Amino acid sequence: MKPHERQAAHSVEKIGGTSMSNYAAVRDNIILRPRNGNLYQRIFVVSAYSGVTDQLLEDKKNGRPGIYALFAGAPQGRNWREALLDLRYHFQYINAGLFEDPQQLASANAFIGERLLDAEDRLGDLDRLCRHANFERQDHLDTIREMLASLGEAHSAWNMTQLLLGEGLAARFVDLTAWHDRARLDLDERISCAFAGVDLSKELPIVTGYAHSREGLMRTFARGYSEMTFSRIAVITKASEGIIHKEYHLSSADPRLVGEQRTVPIGRTNYDVADQLANLGMEAIHPKAARGLRQQGIPLRVMNSFQPEHPGTLITSDYVSECPRVEIIAGRKSILALECFDQEMMDCVTKYDRVIDDIIEHFKGTVVTKDTNANTITHFLANNIETVERIRSAIGEQYSTCDIQVRRVAVVSAIGSNMDVPGILSHSLTALARSGIEVLAVHQPMRQVDIQFVVDESDYESTVVTLHRILMENSEYRHAVCAA
């Protein structure tokens, strides 16, 4: 479908977990301040409250095991039942902060309490079953992970629906978790069935960010599953715009590193830039979720939940800056450079590269970038040291003459929709050298959308600050970055 063929006037809007944890801000800044001027003609896809999915699965930042990881066998001093009980208390604590009326609070606790009991029964049954030699716990972990993840979004979506009903809005709880549904549907079928009876002109759907599907969202998208749900809803319902509400702007750099007074929000960019950000772990949206929006010509807007007067960042397929410039400085720490040097590689680089890529894929390695020459291939991996050591060992078994080195580095990128700026590379390298930063590797693709600088991990923060200062703060085009 081409953009001009789209008849719908509604938007599909995703609200992140940190924003969801502040109901008053969501109500006042998002629900009651529609961009289209209509309280309806909007669909809201909500994440779990901040920190809840960490308790359900594992902590995204430090890896501390949640219920899923404990059930899967993580070595901890407590078991999954204790963690489930802690989560019950946490859900009740969240509910108590949202519902003043005792009857409403009781209903909220009963809703999530019933699902927690169901989850405990299912986990208990499987736990007992897997003690039998014919059943392996590992065979069921994907299903368990999805089941547990769904609890967070069901909780937040149900709560928001009830709160908005109390505000006099015709909110409607749209549960895509299939908790009581045995039908094996793919994602698009489940969404289509759920919205078959929804009247967007009179109802405000509040949708679970998790959607149960035959193929399993988490196997492909991991913790980015809610963005895929959001994207497919926008595509299937033929939305005029997708909006993601976050707790921060998509800015020219991380304000915590560069300083809030030095950074500016990005007003316009394209899906290509969004892909480069995702490659560095700074997702405006998951690349596979963006694909559907891009293919259907649906623009994506990223907004700050706490600054509703700001139009945010508009991401489209066709935008290219008229003025060549850098739009954002972004980076990633904790990268492990896996350098494979072998003089036998000469004239066989393609073969070596293919074998090494297969090994990295087998161990689920995440490649941020890589470089090659006549006898060396270096992959820059966003994985923990244990995974990289497994990859290193497997490569060594395949190529006994290969000298394999591992070094901890950081990758910092200058990114823009049009970076055809004469001398930008030499200008950047000179500035970094004057700041005492050694550049270990540099990559500048011919497409002129990014330049990647590989530096020692200890130089990450100073590299971001230096590049932002030299490429953006002194740029005559800086004002264009924040143009809406």
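On a predicted model such as this, the values are computed, not experimentally measured, just so you know.
Note that CZ of F230 and CD of E13 are 8.5 Å apart. Values are rounded to the nearest 0.5 Å. To the nearest 0.5 Å, atoms CZ (R294) and CG (L300) are separated by 12.0 Å. The structure places CZ of F341 at 9.5 Å from OG1 of T401, a figure rounded to the nearest 0.5 Å. Interatomic distance, I298 CD1 to T237 OG1, rounded to the nearest 0.5 Å: 7.0 Å. Atom-to-atom distance recorded for I43:CD1 and I243:CD1 is 12.0 Å, nearest 0.5 angstrom. Between the CG atom in N384 and the CZ atom in R390 there is a gap of 7.0 Å [rounded to 0.5 Å].
Here the side chain of S252 pairs no donor or acceptor atom with the backbone of I328 at under 3.5 angstrom. Remark: the backbone N or O of L176 is paired with a side-chain donor or acceptor of T208 at under 3.5 angstrom. Here the side chain of E82 pairs a donor or acceptor atom with the backbone of N79 at under 3.5 angstrom. Side-chain N or O atoms of T376 include none that pairs as donor or acceptor with a backbone N or O of N373 at under 3.5 Å. Judged purely by atom type and a 3.5 angstrom limit, R392 has no side-chain atom pairing as donor or acceptor with the backbone of Q405. Between the side chain of S19 and the main chain of I15, no donor-acceptor pair closer than 3.5 Å is present. In this structure, S251 contributes its side chain and A253 its backbone to no donor-acceptor pair below 3.5 Å. Side chain of S21 to main chain of G17: a donor-acceptor pair is present (N/O by atom type, distance under 3.5 Å, no hydrogens or angles). Between the side chain of E153 and the backbone N or O of A48, at least one donor-acceptor pair lies under 3.5 Å. Judged purely by atom type and a 3.5 angstrom limit, H379 has no side-chain atom pairing as donor or acceptor with the backbone of L381.
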Would you please test I395 and L338 for side-chain contact (heavy atoms from CB on, under 4.5 Å) and show each step? CA-CA 10 Å; I395 295 172; L338 182 71; 3.8 Å; yes

Working note: R262 + E473, criterion salt bridge (charged side-chain N to carboxylate O under 4.0 Å, His left out); need CA distance, chi angles, decisive distance, verdict. CA-CA 7 Å; R262 294 180 180 272; E473 294 174 41; 2.6 Å; yes

Can you list the steps and then say if V207 with F44 is a side-chain contact (heavy atoms from CB on, under 4.5 Å)? CA-CA 6 Å; V207 190; F44 289 99; over 6 Å; no

Set out, in order, the CA-CA distance, both residues' side-chain angles and the distance that settles side-chain contact (heavy atoms from CB on, under 4.5 Å) for V326 and I415, then state yes or no. CA-CA 6 Å; V326 177; I415 307 171; 6.0 Å; no

Walk me through it: do V52 and H90 pass the test side-chain contact (heavy atoms from CB on, under 4.5 Å)? CA-CA 9 Å; V52 165; H90 185 57; 4.1 Å; yes

Audit row: E461, K333, salt bridge (charged side-chain N to carboxylate O under 4.0 Å, His left out) steps and yes/no: CA-CA 9 Å; E461 288 83 359; K333 296 175 68 175; 3.0 Å; yes

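Ion pairing of R115 with D175 is present here, as a side-chain N (NZ or NE/NH1/NH2) and a carboxylate O approach within less than 4.0 Å. A salt bridge links R81 with E120: the closest approach of a Lys/Arg side-chain nitrogen to an acidic carboxylate oxygen falls below 4.0 angstrom. Between R325 and D420 there is no salt bridge, since no side-chain N of the basic residue sits under 4.0 Å from a carboxylate O of the acidic one. Salt bridge absent: R64 and D54 never bring a charged side-chain N and a carboxylate O closer than 4.0 Å. Between K370 and D353, at least one side-chain nitrogen of the basic residue sits less than 4.0 Å from a carboxylate oxygen of the acidic one, meeting the salt-bridge criterion.
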Would you give me the side-chain donor-acceptor pairs under 3.5 Å for residues 209-216, sequence neighbours excluded?
residue: Y210; atom: OH; partner: E146; partner atom: OE1; Å: 2.5
residue: S213; atom: OG; partner: G216; partner atom: N; Å: 3.2
residue: R214; atom: NH2; partner: R184; partner atom: O; Å: 3.1
residue: R214; atom: NH2; partner: E189; partner atom: OE1; Å: 3.4
residue: E215; atom: OE2; partner: L187; partner atom: N; Å: 3.4

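Residues forming a side chain to side chain donor-acceptor pair (under 3.5 Å) with S47 (at least two apart in sequence, or on another chain): K14. Under the side-chain contact (heavy atoms from CB on, under 4.5 Å) criterion, D371 pairs with T378, F380, A441, H443, not counting sequence neighbours.
In this structure, V406 and I385 have side chains that are in contact, with non-hydrogen atoms separated by less than 4.5 Å. Two residues are said to be in side-chain contact when any heavy atoms from C-beta on lie closer than 4.5 Å; V409 and L336 fail this criterion. The shortest side-chain heavy-atom distance between D358 and H362 does not fall under the 4.5 Å cut-off. Side chains of I424 and I451 form a contact here, defined as non-hydrogen atoms less than 4.5 Å apart. In this structure, the side chains of L440 and F453 stay at 4.5 Å or more apart for every pair of heavy atoms. Using a 4.5 Å cut-off on side-chain heavy atoms (C-beta onward), R301 and E241 make contact. Side-chain contact check for L151 versus L56: some heavy-atom pair is nearer than 4.5 Å. Residues Y460 and V411 are not in side-chain contact: their nearest non-hydrogen atoms beyond the backbone lie 4.5 Å or more apart.
If you check the side chains of E457 and S334, you find a donor sitting under 3.5 Å from an acceptor. When only modelled atom types and interatomic distance are considered, N270 and S417 share no side-chain donor-acceptor pair under 3.5 Å. Defined by atom type and a distance below 3.5 Å, a donor-acceptor pair is missing between the side-chain atoms of S305 and E247. Side-chain contact check for E327 and T269: at least one donor-acceptor pair (N or O, by modelled atom type) lies under 3.5 Å. When only modelled atom types and interatomic distance are considered, H249 and T313 share no side-chain donor-acceptor pair under 3.5 Å. Side-chain polar atoms of R268 and T316 form a donor-acceptor pair below 3.5 angstrom. Looking at D342 and Y352, their side chains do bring a donor and an acceptor atom within 3.5 Å of each other.
When all heavy atoms of P299 and S240 are compared, the pair lying nearest together is CD-O, 3.4 Å. Residues C340 and M345 come closest through the heavy atom pair O-CE, 3.6 Å. A pairwise comparison of heavy atoms in I404 and G396 identifies CD1-N, 3.6 Å as the closest pair. Between L116 and F91 the shortest heavy-atom distance is CD1-CD1, 3.7 Å. For the pair I67 and A83, the tightest heavy-atom approach, listed with the atom from each and the gap, is CG1-CB, 3.7 Å. A290 and Y271 get closest at one heavy-atom pair: CB-CD2, 3.9 Å.
Each of T466, V464, I437 was checked for a side chain to side chain contact (heavy atoms under 4.5 Å, CB included) with D459, and the lone residue meeting it is I437.
Atom CG of D347 has 12 or fewer neighbouring heavy atoms from other residues, nucleotides or ligands inside a 6.0 Å radius.
For R145 and Y68, the positive end sits near the middle of the six-membered ring, less than 6.0 Å away and at most 45° from its axis. Both tests hold for R122 against W179: distance to the six-membered ring centre under 6.0 Å, angle to the ring axis within 45°.
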